[in-house]
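To start, the structure itself, in structure tokens.
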2 protein chains.
Amino acid sequence: MQSLNDLPAPGGAHPDLDPPPEPARALRGRRTLYVVERIRDMIVSGDLPAGGRISERMITEGLGVTRTPLREAFKILEAEGLVRIVPNRGAEVIHLSPSDIEAAFEVLTGLESVAAELACTRGTAAEFAAIEARHDRMVACQRADDLMGYFHLNQEIHQLIVDCAHNPALSRVYRTESARIRRYRFAGNRVGERWVRAVMEHEQILDALKQRQGALLRELLRTHHINGWRVTRRVLEGELSPPG
Amino acid sequence: MQSLNDLPAPGGAHPDLDPPPEPARALRGRRTLYVVERIRDMIVSGDLPAGGRISERMITEGLGVTRTPLREAFKILEAEGLVRIVPNRGAEVIHLSPSDIEAAFEVLTGLESVAAELACTRGTAAEFAAIEARHDRMVACQRADDLMGYFHLNQEIHQLIVDCAHNPALSRVYRTESARIRRYRFAGNRVGERWVRAVMEHEQILDALKQRQGALLRELLRTHHINGWRVTRRVLEGELSPPG
DNA sequence: ATTCCCTATATTGCATGCAATAATGTCGAA
DNA sequence: TTCGACATTATTGCATGCAATATAGGGAAT
């Protein structure tokens, strides 16, 4: 793993050691951000197991940073709802129950509802075209059975629709809340039947957006989320097994 | 100001000094939280001017904490959108433009829209009664011309309606986003005419909630926010001067 | 007087050390 | 063997020191 510690050793570290490259001098003022992004990726992608503890040593050694920026990163991740800090015991990845996930879906649905109407009012043709391009690539991913690519583009499309509302606060909150449950949503997408249907729904969503039919778009997104959650829940509860 | 530093001096402080009370020993693991809450209050209430810099010394001396928990607090407040940290220059209170505030209103409206329908489905009679009690006290505040009390109860009522949705994520996001613009909303409430009308709207809102008419409640809240924002904007843009 | 540059000072970013707490291991009694 | 008290070790919370950067002040040239 790429280490940031390969630099002149400012503090009290041995002055004779660490002669290797110093790619990180410019990171002053950005270390915490770097750590946050790194850990966030690990949590959102599922590399760090839900409920699992994240010891400071594990990260400091893995990323080559010291404890101060790491501890600041933990606080940020806690504010984002990705991590829980238990006093004297450190940080652990938040584990979401099905009802927590359902709650998050409700929030996202509400945010997309406002976004839908605003996007149809304020979105530009260029923005719509960018979404359509992603949509086409997403369909291609489905045809190629590239679940990972599909999932990624899917997320991106929803974010871009929200971004069309030209409301930075909305985009920010949507992004954060979306990240909280991303790892759990992946499961739902693996169900073949749902996958096909989801793409069909996306077609309609894209059409409604392009035709600037806000009320319709809102309803389509709402239904899309309800359908998605229904499948996701069953997968999470073990009723449906994700195909190998 | 109450200082937390009046304790045994663990680190390297002079061991002969600081004999006074030690009320904060139990704060281990909670210092950052304490600082966050303190600074958040100062920002939300307007004690710290928007756009103003918050130097570390100013807070460490004021609250009697050291720089480590303070810097962690800044990171949390940045994640909450209350503060901006400029590398090598420290933290400053976020200044929101009218369009930022409008954006926040849109987010809050969206969140309350979901909340409205859910609250009418899931809210308990006890919760409704608690809201009604606040509402009555709020009306009393209006009659007594107690703007501060009115404002506080108003905020509380909206949060409680959202809480009726029994969705922790929704409550959390609403609380955070609401705090971001609280200081700016106060201005809007000072306009006498709006004040009267807002209370009337609250009557209707309460009725819709008690009768569990979700769609109606949603629309009433939406209109309520639009009306509120219209006045707030004019005050912020200086078209209306706040009396007193 | 104004502008620029240089120096002195203050402030921030980060690394680290010490104390408090939790986790772990050991041994003896039941 | 199992359980629990105690000692040992590891880990976290926080305070502080050092280096990098920004800020302020002063003097010289214009």
Side-chain angles (χ1 to χ4, degrees), chain A residues 3-18 22-36 38-39 52-78 83-93, chain B residues 3-15 17-18 22-36 38-39 52-78 83-92:
Chain A
S3 170
L4 284 185
N5 235 356
D6 305 340
L7 51 80
H14 309 234
D16 311 321
L17 300 177
D18 290 358
E22 37 176 302
R25 171 65 63 104
L27 268 177
R28 182 185 163 101
R30 291 161 218 261
R31 269 184 172 68
T32 299
L33 178 63
Y34 169 79
V35 177
V36 165
R38 231 46 214 292
I39 300 179
R53 229 173 104 189
I54 318 176
S55 78
E56 294 183 354
R57 231 159 63 88
M58 163 182 175
I59 303 292
T60 54
E61 294 184 352
L63 297 184
V65 295
T66 53
R67 294 176 62 215
T68 304
L70 169 58
R71 288 176 55 74
E72 292 174 356
F74 278 161
K75 296 293 187 181
I76 292 171
L77 292 164
E78 184 178 44
V83 140
R84 188 168 72 111
I85 298 177
V86 183
N88 294 320
R89 300 201 359 146
E92 64 185 48
V93 181
Chain B
S3 169
L4 284 184
N5 236 356
D6 306 339
L7 50 79
H14 308 234
L17 300 177
D18 290 358
E22 37 176 300
R25 171 65 64 102
L27 268 178
R28 183 186 161 99
R30 291 162 220 258
R31 269 183 171 71
T32 299
L33 178 63
Y34 169 79
V35 177
V36 166
R38 235 39 215 294
I39 300 179
R53 232 174 99 186
I54 318 176
S55 78
E56 294 183 353
R57 233 160 65 88
M58 162 184 177
I59 302 292
T60 54
E61 293 184 351
L63 297 183
V65 295
T66 53
R67 293 176 61 215
T68 303
L70 169 59
R71 289 176 54 74
E72 291 175 356
F74 278 161
K75 296 292 186 182
I76 292 171
L77 291 164
E78 185 178 44
V83 141
R84 188 168 73 111
I85 297 176
V86 183
N88 294 319
R89 301 204 357 149
E92 64 184 49

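Just so you know, these numbers come straight off a predicted model, no measurement behind them. Letters A, B, ... mirror the listed sequences (proteins, then strands); counts begin at 1.
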Just how far, in rounded Å, is [atom2] of [N] from [atom1] of [X]?
X       : N      : atom1 : atom2 : result
B:Leu27 : D:dG13 : CG    : C1'   : 12 Å
A:Leu63 : C:dC14 : CG    : C1'   : 16 Å
A:Arg30 : D:dT21 : CZ    : P     : 11 Å
B:Lys75 : C:dC14 : NZ    : C1'   : 11 Å
B:Ile85 : D:dT21 : CD1   : C1'   : 16 Å

Do A:Ile76 and A:Val35 touch side chain to side chain, with heavy atoms closer than 4.5 Å? no

Step-by-step side-chain contact (heavy atoms from CB on, under 4.5 Å) determination, A:Thr68 to B:Thr68: CA-CA 8 Å; A:Thr68 304; B:Thr68 303; 5.5 Å; no

How close do A:Ala91 and A:Arg53 get, counting heavy atoms only, and between which atoms? O-CG, 3.4 Å

Side chain of A:Glu72, backbone of A:Thr32: donor and acceptor closer than 3.5 Å?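 Here the side-chain-to-backbone pair does not exist.
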
With 3.5 Å as the limit, what N/O pairs link the protein to nucleotides 6-12 of chain C?
unit_1	atom_1	unit_2	atom_2	d
C:dT11	OP2	B:Arg57	NE	3.3
C:dT12	OP2	B:Glu56	N	3.4
C:dT12	O2	A:Arg28	NH2	2.8

Does a salt bridge link A:Arg84 with A:Glu92, judged by any charged N lying under 4.0 Å from a carboxylate O?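 Judged by the 4.0 Å cut-off on N to carboxylate O distance, A:Arg84 and A:Glu92 do form a salt bridge.
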
Residues two or more places apart in sequence or in another chain: which of them pass side-chain hydrogen bond (donor to acceptor under 3.5 Å, both in side chains) with A:Arg89?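 Per chain and number, A:Arg89 pairs via side-chain hydrogen bond (donor to acceptor under 3.5 Å, both in side chains) with no residue.
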
